[in-house]
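Below is one structure, written out as structure tokens; the observations come after it.
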Amino acid sequence: MSTARVPSGARDSRARYRRIVRFAARQLAIEWWHEILLPKVGLGRITERTRARRMTRFARGFREMAIGLGGLMIKVGQFMSSRLDVLPPELTKELEGLQDEVPAESFDDIRALAESELGMPLERAYAWIDDAPLAAASLGQAHRARLTPADAADAGFTDVVVKIQRPGIDRIVDTDLRALRKVAGWLNRVRAVSERVDAPALVDAFAEVCRDEIDYLHEASGCERFAEEFADDDRVGAPEVGWERTTRRVLTLQDVTAIKISDVDSLREAGVDPAEVSPVFAAVMLDQLFSNGYFHADPHPGNIFVVPDADGSWQLMFVDFGMMGEVPPSTRRGLRQLVIAMAARDGAGLVQAAREIGVLLPTADTSELERALTKLFDRFGGMAFAELRDVDPREYRDFAAEFGDVVRTLPIQLPEHLLLVIRAASLTSGVATALDAEFNIWESVEPYAERLIRDESAGFARDLLTDGVENARLLWRMPKRVDALISRIENGDIAVSTPQVERRLSRLESALRRTVSAVLFAGLLVGGAALYGTEPTPAVVLMSASSLPLLHALFARRR
């Protein structure tokens, strides 16, 4: 009796799936034992004493698995390694090598895929291509190359970086997502997790992002849109796309490689102070998240270069636009409220922003949470990361003991559309902190929040003036309609024999004209006051002009 032969690719996929799931199951069991069971039986001290060692062991195991498997596991590790501001150093230090130490594919395999995509030998597609990879990422790898003279003349640049997908990456991504869905299903059975986050929905959102990321045509479009968003901003740059040599699996971009943003030694050698780069990078990311609404969702150090100029200035150069996010207008309003509340140390405003974003359900009783946030701002607000590290750990434990139950009982959830926003914000904080241990996020948030307040005030004034003008037009037309009505009455079209009607209509006409003047006065005065801080000259003109309708409203003769 013969047995069907299982293709090697299917066997590899099953082995990969089992390895990921077994690793996750083992780690979940360890954490359940130490973080839930032992504290319940009075052995919480063992949990505290072994936590650092457990984190190191977990990080080493995950790193070995991620390097061995590649694929999406690399991305998960890169995300954790960038959370210097939140995750323990035992974990981030062990995983930081994943930013650069992804094993490269054989160039023969890469060549075969690229030539199949381009429909020609690489020697015809490019004047030269380096068989040694410039960088190896989780889903593909990059090689330096030069365009042919004809292509260079059309593109306007010669030196390029060619990104080529890893062979079989579609199958690998499918397997990894299947494993992640399995783990998400386990987490969804844990009540403490399921009440706050829909883990399967998050994996589905992550899957959609991954599908976009392995489509290089999508990345090329994202690169061009990002460049357009910052076309007038000297702080930011992006490469141009070589469309003639770009397909779904091969992407040709202008070579803009420079100093990696996390290479502080090279930055200093080039005369760039890393402490000056940190707040500019944070401000650029704030603009993307809260103003533009279209943002780079993978701003880890390998995707951002610092390009020094001869005059001592420098520019942030972004690359790798496979993972881009777009913030819906409603969420953007909530995020803007969040920034303003953080800058004002406003606990109640922070809670309201969380409701607007969708993190906090409308039915939540937030009085205790507002009190907790107010106390948190009073103690830790305005402190830099380096200062927070110097705080006595007992203060954190006391705070957690006092307010931990409050936070745990709140109906908090994590909407899946915030996945990329949280990722981008987390990576931003980690990169900024790595550049400067003294980096203080408040110094970036406060001036940004002030600008948001000015913008929103100006917007409010514009809306008020617009509404006022429309209302004024309506009110100004009403006396004419009253005149037309009187004419019809006089012509006999409408029979009215009561003389009181004419007197009342006349009074109504006069009152309406004074009302128009009052509306114009209020609109001009408020609009001028709102614009005074940013545009003083037009503001003074508006406020001065408001005196004329005020005089009419107060002293117009009543007939």
Practice prompt. Could you walk me through whether Arg178 and Ser13 pass side chain to side chain donor-acceptor pair (under 3.5 Å), step by step?
Written response: CA-CA 10 Å; Arg178 232 172 5 105; Ser13 294; 5.8 Å; no

Discussion item. Rounded to the nearest 0.5 Å, what separates atom CD in Gln165 from atom CD in Glu213?
Written reply: 9.5 Å

Worksheet entry | Sidechain N-carboxylate O distance under 4.0 Å for Glu64, Arg60 | no

Worksheet item: How about Gln27 and Phe62: do any of their side-chain heavy atoms sit closer than 4.5 Å?
Response: no

Practice prompt. Output, in order, the C-alpha distance, side-chain angles, deciding distance and verdict of salt bridge (charged side-chain N to carboxylate O under 4.0 Å, His left out) for Arg225 and Glu326.
Written response: CA-CA 12 Å; Arg225 179 175 173 185; Glu326 194 155 9; 2.8 Å; yes

Fill in: From Gln254 atom CD to Leu147 atom CG, the distance as rounded to the nearest 0.5 Å
10.0 Å

Response to the item:
Of all heavy-atom pairs linking Val183 and Ala24, the shortest is CG2-CB, 3.6 Å

Item to complete: Could you please spell out the steps behind the side-chain contact (heavy atoms from CB on, under 4.5 Å) verdict for Ile261 and Ile259?
Response: CA-CA 6 Å; Ile261 193 171; Ile259 302 173; over 6 Å; no

Worksheet item: Nearest heavy-atom pair of Met285 and Ala424: which atoms, and what distance?
Response: CE-CB, 4.3 Å

Discussion item. Would you compute the distance between atom OG1 of Thr246 and atom CG of Leu251 and round it to the nearest 0.5 angstrom?
Written reply: 5.0 Å

Worksheet entry | Contact summary for Arg166 and Ala136, nearest pair of heavy atoms | NH2-CB, 3.8 Å

Worksheet item: Which heavy-atom pair separates Pro239 from Met317 by the least distance, and what is that distance?
Response: N-SD, 4.2 Å

Response to the item:
On a heavy-atom basis, the closest approach of Ala207 and Arg181 is CB-NH2, 3.6 Å

Worksheet item: In this structure, which one of Arg248, Glu117, Lys163 forms a side chain to side chain contact (heavy atoms under 4.5 Å, CB included) with Tyr216?
Response: Lys163

Worksheet entry | salt bridge (charged side-chain N to carboxylate O under 4.0 Å, His left out) between Asp287 and Arg235, intermediate numbers included | CA-CA 12 Å; Asp287 280 339; Arg235 301 172 301 171; 2.7 Å; yes

Worksheet entry | Asp309 atom CG, over 12 foreign heavy atoms within 6.0 Å | yes

Tell me which donor-acceptor pairs under 3.5 Å the side chains of residues 269-284 have, and how far apart each pair is, sequence neighbours excluded?
| from | atom 1 | to | atom 2 | distance (Å) |
| --- | --- | --- | --- | --- |
| Asp273 | OD1 | Ala275 | N | 3.0 |
| Ser278 | OG | Ala432 | O | 2.9 |

Practice prompt. Identify the two heavy atoms, one from Leu118 and one from Ala125, that lie closest to each other, and give their separation to 0.1 Å.
Written response: CD1-CB, 3.9 Å

Worksheet item: Would Glu224 and Phe321 count as a side-chain contact (heavy atoms from CB on, under 4.5 Å) if you check the C-alpha gap in whole Å, the side-chain angles of each, and the deciding distance to 0.1 Å?
Response: CA-CA 9 Å; Glu224 287 200 335; Phe321 300 91; over 6 Å; no

Worksheet entry | Gln141 (side chain) donor-acceptor with Ala104 (main chain) under 3.5 angstrom | no

Item to complete: Might you work through the side-chain contact (heavy atoms from CB on, under 4.5 Å) test for Glu219 and Asp320, ending with a clear yes or no?
Response: CA-CA 7 Å; Glu219 178 174 347; Asp320 195 347; 3.6 Å; yes

Worksheet item: Do Ile172 and Leu69 have side-chain heavy atoms sitting under 4.5 Å apart?
Response: no

Practice prompt. Compute the ring centroids of Phe226 and Phe318, then answer whether they are less than 6.0 Å apart.
Written response: yes

Worksheet item: Quick one: are Tyr126 and Arg245 in side-chain contact, heavy atoms under 4.5 Å?
Response: yes

Worksheet item: Under a 4.5 Å cut-off applied to non-hydrogen side-chain atoms, are Arg16 and Asp12 in contact?
Response: no

Worksheet item: Looking at side-chain heavy atoms only, is the closest gap between Leu253 and Val160 below 4.5 Å?
Response: no

Discussion item. So Glu123 and Trp128, do their side chains get closer than 4.5 Å, heavy atoms only?
Written reply: no

Worksheet item: Under a 4.5 Å cut-off applied to non-hydrogen side-chain atoms, are Glu244 and Thr252 in contact?
Response: no

Worksheet item: Going through the distances and angles, do Arg423 and Asp298 end up as a side-chain contact (heavy atoms from CB on, under 4.5 Å)?
Response: CA-CA 7 Å; Arg423 175 183 172 83; Asp298 196 21; 2.3 Å; yes

Worksheet entry | Validation row, ring centre Phe107 to ring centre His143 under 6.0 Å | yes

Discussion item. Using a 3.5 Å distance criterion without hydrogens, assess whether the side chain of Asp108 forms a donor-acceptor pair with backbone atoms of Ile110.
Written reply: no

Practice prompt. Could you please spell out the steps behind the salt bridge (charged side-chain N to carboxylate O under 4.0 Å, His left out) verdict for Asp131 and Arg144?
Written response: CA-CA 8 Å; Asp131 57 1; Arg144 278 200 169 98; over 6 Å; no

Discussion item. Measuring from atom CG of Asn292 to atom CZ of Phe230, what distance do you get when rounded to the nearest 0.5 angstrom?
Written reply: 4.5 Å

Discussion item. With rounding to the nearest 0.5 angstrom, report the CG to CZ distance, Asp151 to Phe157.
Written reply: 9.5 Å

Response to the item:
Taken to the nearest 0.5 Å, the spacing of Asp263 CG from Leu435 CG works out to 10.5 Å

Worksheet item: Judged by atom type as modelled, is there a donor-acceptor pair below 3.5 Å linking the side chain of Asp159 to the main-chain atoms of Asp255?
Response: no

Worksheet item: Should Arg249 and Asp170 count as side-chain neighbours, where that means a heavy-atom distance under 4.5 Å?
Response: yes

Discussion item. Check for me whether the distance between the ring centres of Phe58 and Phe23 falls short of 6.0 Å.
Written reply: yes

